[in-house]
Peer 1: 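One structure follows; several queries about it will come next.
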Amino acid sequence: AGKEATQAVYSEGRFLSIDGIRNNSATDVSSLTLEMTLIAGSKDVDLSNMILRFSDGRNVYIYSHDGSPGFNLSWVRGTGLNSVMKSGDLVDLNIALPRKL
């Protein structure tokens with residue numbers, strides 16, 4: 001379901017990994033990091049316009065860049081000038097979850 005959702009929402013990008021950060025418990029996930037790249041030949045993408053949808057099975061949360069709730073961008077490879085992702089860039093999208101999951 002996650003792969004289908006990713007492809008339906010954003011056809012020129014690919015999420016390489018999704019990692020959760022836990023607090024002190026094996027069941028508390030406090031944040032997620034999604035590692036993203038563009039497929040070869042993709043057009044530049046302004047990530048400040050991207051919206052992420054997250055569901056914990058009970059609630060649905062919509063995240064936007066620097067919104068509330070929001071996600072932050074960390075460039076692993078590339079410059080990230082004006083939050084624009086180019087082919088070959090590697091970006092981490094960091095999401096603080098609203099509550100323990």
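Hydrogens, waters and symmetry mates are skipped; everything else that's a heavy atom, side chains included, is used.
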Peer 1: If hydrophobic clusters are built from ILVMFWY residues whose side chains come within less than 4.5 Å, do I21 and L52 share one?
Peer 2: no
Peer 1: So does D89 get a backbone contact from the side chain of T37, meaning a donor-acceptor N/O pair under 3.5 Å?
Peer 2: yes
Peer 1: First locate atom CD1 of I18, then atom CG of L32, and finally report the distance between them rounded to the nearest 0.5 Å.
Peer 2: 7.5 Å
Peer 1: Hydrophobic cluster membership, with links at side-chain heavy-atom distances under 4.5 Å among I/L/V/M/F/W/Y: are L90 and F15 in one?
Peer 2: no
Peer 1: Is there side-chain contact between L47 and V91, with heavy atoms separated by less than 4.5 Å?
Peer 2: yes
Peer 1: Can you name the residues that form a side chain to side chain contact (heavy atoms under 4.5 Å, CB included) with S74, not counting sequence neighbours?
Peer 2: D92, N94
Peer 1: Determine which pairs satisfy ring pair (Phe, Tyr, Trp, His ring centres under 6.0 Å) with at least one residue from residues 66-87, sequence neighbours left out, and list them in order.
Peer 2: H65-F71
Peer 1: Please find the pair of heavy atoms, one from A96 and one from Y63, that lie closest to each other, and give the distance.
Peer 2: O-OH, 3.5 Å
Peer 1: With I62, which residues qualify under side chain to side chain contact (heavy atoms under 4.5 Å, CB included), at least two apart?
Peer 2: I51, R53, V60
Peer 1: Got R14 and L16 here, is their nearest side-chain heavy-atom distance under 4.5 Å?
Peer 2: yes
Peer 1: Quick check: do Y61 and I95 have side-chain heavy atoms less than 4.5 Å from each other?
Peer 2: no
Peer 1: Let me have the donor-acceptor pairs involving side chains of residues 76-86, under 3.5 Å, with sequence neighbours excluded, atom names and distances please.
Peer 2:
residue: R77; atom: NE; partner: G88; partner atom: O; Å: 2.6
residue: R77; atom: NH2; partner: G88; partner atom: O; Å: 3.2
residue: K86; atom: NZ; partner: D44; partner atom: OD2; Å: 2.9

Peer 1: Checking S87 now: which residues fulfil side-chain hydrogen bond (donor to acceptor under 3.5 Å, both in side chains) with it, not counting sequence neighbours?
Peer 2: none
Peer 1: Shortest non-hydrogen contact from I39 to S42?
Peer 2: O-OG, 2.7 Å
